[in-house]
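Naming convention: chains lettered A, B, ... in sequence-line order (proteins, then strands); numbering from 1 in each chain. Side chains are part of it too, since the values below use all heavy atoms of this structure and drop only hydrogens, waters and symmetry mates.
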Protein chains: 2
Amino acid sequence: MALFIGTHENKIDRKGRVSLPADYRAELPSEDDRTIYIFPSLYTSALEACDRAQLALHAERINALDQFSQEEAYFSSQILAEARKLGIDGDGRIVLPGEFMERAQLDGKALFVGGGPKFHIWQPEAYAAHRHETQEALAGRTLPSLTRPSS
Amino acid sequence: MALFIGTHENKIDRKGRVSLPADYRAELPSEDDRTIYIFPSLYTSALEACDRAQLALHAERINALDQFSQEEAYFSSQILAEARKLGIDGDGRIVLPGEFMERAQLDGKALFVGGGPKFHIWQPEAYAAHRHETQEALAGRTLPSLTRPSS
DNA sequence: TTTTATCCCATGATATTCCATGAAATCCCA
DNA sequence: TGGGATTTCATGGAATATCATGGGATAAAA
């Protein structure tokens with residue numbers, strides 16, 4: 001499984017190109033699968049990105065819901081319908097669709113924030129504020145162990 | 001497994017042809033199996049489409065219902081009886097049968113909406129309304145982890 | 001023949017690839 | 001351990017390929 005960690009602030013050029021941090025690139029599966037998947041995060045202004053395996057897991061979770069149910073429709077429209085496949089060019093860059101840049105209020109700079117199997121792309125100041133908020137709200141929490149055996 | 005994601009709005013020309021988004025084409029199994037399967041979606045005005053493997057899964061699910069039950073008859077007549085096999089031409093286009101265009105109220109534009117192993121074809125405004133509805137109804141939901149091991 | 005469906009080619013727009021540059025980090029050897 | 005050499009990295013611009021789409025040609029059906 002990919003492990004995206006750390007934060008990196010990179011420039012977005014006028015064509016919407018940004019270098020994917022080298023650390024992150026190194027975590028991606030194989031050389032021939034030079035793609036990532038990205039979609040607007042459900043409850044923040046950030047963008048969420050992951051590799052194909054992780055997106056397939058999302059699709060599987062959604063598919064495990066009842067077929068033709070409203071829940072299925074919701075997650076499908078919010079995640080799968082919004083997701084884009086982004087190619088990584090020979091120089092390690094991706095092109096952010098304009099729509100996504102607006103959604104995340106990105107202009108000129110992108111902050112990559114590692115989150116294990118996924119990572120987020122934030123407008124730098126927005127992340128600072130978000131980080132401060134969750135820090136305030138949840139400081140002191142403990143993390144539950146896994147209760148079921150990992151298959 | 002095919003992963004159809006993102007949304008693409010394409011034109012339907014006067015012959016009923018529409019380009020299947022290149023992203024979707026790339027997800028289809030092999031070059032010689034240039035076909036998709038399509039049927040009217042059960043509870044919306046959209047059309048639902050998938051590759052052969054996914055349709056086979058539908059058939060399998062229907063077959064797993066009690067034989068000769070009303071349920072079996074229902075899903076069989078709504079899905080299997082309505083489904084059509086559409087070829088993809090050399091330029092990556094499909095031809096939508098007139099009957100299906102009426103059913104989905106398509107005129108001139110088709111919105112392809114990715115949903116993992118399947119995708120939907122919507123009249124653009126109808127999708128916007130549908131998306132808004134499910135958003136209203138289920139906003140704030142979180143996606144459950146898989147409770148059963150992936151087979 | 002008339003109609004209908006399929007295939008083939010042309011075109012503009014968009015997206016992707018290729019190459020060049022400077023800065024920063026890393027390596028190497030005395 | 002220092003300092004120069006080398007590689008990696010992020011970034012910019014230009015060349016190239018891909019894609020959606022329209023029109024016409026060809027083949028099959030009525």
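- For B:R17 and D:dC19, the CZ to P distance is 18 Å, given to the nearest whole Å.
- Hydrophobic clustering of Ile, Leu, Val, Met, Phe, Trp and Tyr side chains at less than 4.5 Å, counting indirect connections, keeps A:V95 apart from A:L106.
- Distance, A:R34 CZ to C:dT17 C1': 12 Å, rounded to whole Å.
- Rounded to whole Å, atom P of D:dG13 lies 14 Å from atom CG of A:D91.
- Applying the 6.0 Å contact sphere to CD of B:Q70 captures no more than 12 heavy atoms from other residues, nucleotides or ligands.
- Side-chain atoms of B:R14 and base atoms of D:dG23 include no donor and acceptor less than 3.5 Å apart.
- Nucleic acid contact for B:R93: base, since at least one base atom lies under 4.0 Å from a heavy atom of the residue.
- In this model, the phosphate group of D:dA10 is approached by a side-chain N or O of A:R25 to a distance below 4.0 Å at OP1 or OP2.
- Rounded to an integer number of Å, the gap from CD of A:E99 to P of C:dA15 is 12 Å.
- Residue A:I94 is classed as having no contact, given no heavy-atom separation below 4.0 Å to the nucleic acid.
- Atom CG in B:D89 sits roughly 15 Å away from atom C1' in D:dA27 (whole-Å rounding).
- In this structure, the CG atom of B:D13 is 9 Å from the P atom of D:dG23, given to the nearest Å.
- Mapping B:K15 and A:P21 onto DNA chain D by nearest heavy atom places A:P21 closer to the 5' end of the strand.
- Remark: B:Q105 CD is loosely packed, at most 12 non-hydrogen atoms of other residues, nucleotides or ligands lying under 6.0 Å away.
- Regarding A:E9, its CD atom lies at a distance of 17 Å from the C1' atom of C:dA23, rounded to whole Å.
- Here CD1 of B:I62 is found 11.0 Å from OH of B:Y74. Values are rounded to the nearest 0.5 Å.
- Within 4.0 Å (heavy atoms only), B:N10 reaches sugar-phosphate atoms of the nucleic acid but no base atom.
- Taking the side chain of A:A22 as heavy atoms from C-beta on, and the options D:dG24, C:dC19, D:dA10, the nearest nucleotide is D:dA10.
- Rounded to whole Å, atom P of C:dA15 lies 11 Å from atom CG of B:D23.
- Cluster annotation: A:W122 and A:M101 are assigned to distinct hydrophobic clusters (Ile/Leu/Val/Met/Phe/Trp/Tyr, side-chain heavy-atom contacts under 4.5 Å, transitive).
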